[in-house]
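Below is one structure, written out as structure tokens; comments come after it.
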Amino acid sequence: MERASPAAGKLNAGGRGAGDGHGPAGGSQPRATAAAAAAGGGGGGGGGGGAEPGELIGRALDFKSEGAQCYKDKKFREAIGKYHRALLELKALLLLLSQEPGGQRPASAGLSEEQRQAVEAIEVDCYNSLAACLLQAELVNYERVKEYCLKVLQKEGENFKALYRSGVAFYHLGDYNKALYYLKEARSRQPTGMSMTAPLVLLPIKDSPLGQQIPMSYDISS
């Protein structure tokens, strides 16, 4: 579902894709460092044919970093492509592991604990950053924003950016009860040191429980 954002200045949370996974709200630098260590210095290039798990994780990490740079340069379409490439590398990794002997074990059972943590960190950062990119569009696909944020929350239920953006998405999709729930959850998990803008004034909408001031609007571009 795509629609314009009539309240772009009042209820939006584009955030900084590059910061998702490196800033205080979307993951920490130690987590990114752990992901790099787990990758083991995998080379560039695409595809998973004949690749080792460390190589695929390394390529995913490289694509994620390239996506972050594209976001910094405001090349949002290119950033989206890079984040999707990173996720494709992880899918190739799971496909590779599923083909190994191991009975009914989950594919991730073939990874070390460090590698499993790295894969999860990359997934969380990519989905968070994809949501951030989509929120920069003139016509925002709020259904897709919601989908990506919920993927993050499945893995990190207290992720501030995903909670806040879920609230934004549900608001624009007309599900005001869920919007209120996620916005309140986000407000209760404001990261230490995160700057806050002026109080958010939601547009009064008929039958909307959010036709009121909610004292939370965060500048998550820093």
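- Between the CD atom in E147 and the CG atom in N141 there is a gap of 8.5 Å [rounded to 0.5 Å].
- Residues A118 and I57 share a closest heavy-atom pair of CB-CG2, 4.2 Å.
- One finds the CD atom of Q69 at 12.5 Å from the NZ atom of K64 (value rounded to the nearest 0.5 Å).
- Residue R59 holds its CZ atom at 12.0 Å from CD of E66, rounded to the nearest 0.5 Å.
- Judged purely by distance below 3.5 Å, without hydrogens or angles, the side chains of E185 and Y164 never pair a donor atom with an acceptor atom.
- Hydrophobic clustering of Ile, Leu, Val, Met, Phe, Trp and Tyr side chains at less than 4.5 Å, counting indirect connections, keeps L88 apart from L96.
- Annotation: side chain to side chain donor-acceptor pair (under 3.5 Å) contacts of D175 (sequence neighbours excluded): none.
- Residues Y83 and F63 keep their aromatic ring centres 6.0 Å or farther apart.
- Annotation: cation-pi geometry satisfied between K151 and Y127 (NZ/CZ under 6.0 angstrom from ring centroid, within 45° of ring axis).
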message: For V168 and Y142: C-alpha separation, side-chain torsions, deciding distance, then whether side-chain contact (heavy atoms from CB on, under 4.5 Å) applies.
response: CA-CA 8 Å; V168 171; Y142 288 107; 4.1 Å; yes
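- Here the straight-line distance linking atom CD1 of I80 with atom CZ of R85 works out to 15.0 Å at 0.5 Å rounding.
- Here OG of S166 is found 10.5 Å from NZ of K178. Values are rounded to the nearest 0.5 Å.
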message: If you apply the rule side-chain contact (heavy atoms from CB on, under 4.5 Å), what do you find for Y182 with F170, and how did you get there?
response: CA-CA 9 Å; Y182 282 108; F170 278 114; 3.3 Å; yes
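- If you run side-chain contact (heavy atoms from CB on, under 4.5 Å) between V119 and each of L94, V124, L93, L56, only L93 comes through.
- Proximity of H84 to L130: side-chain heavy atoms (C-beta onward) are separated by under 4.5 Å at one or more points.
- Residues that satisfy the side chain to side chain contact (heavy atoms under 4.5 Å, CB included) test with A162, not counting sequence neighbours, are N128, C149, V152, L153, N159.
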field: From CA spacing to verdict: side-chain contact (heavy atoms from CB on, under 4.5 Å), Y71, C133
entry: CA-CA 7 Å; Y71 191 99; C133 289; 3.4 Å; yes
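- Counting heavy atoms from C-beta outward, Q117 and E114 have side chains that stay 4.5 Å or more apart.
- To the nearest 0.5 angstrom, E89 atom CD is 10.0 Å from E55 atom CD.
- The backbone N or O of L95 sits less than 3.5 Å from a side-chain atom of S98, completing a donor-acceptor pair.
- When every heavy atom of P53 is checked against every heavy atom of L111, the shortest pair comes out as CB-CD2, 3.9 Å.
- Side-chain contact between H172 and V140 is absent, with no heavy-atom pair separated by less than 4.5 Å.
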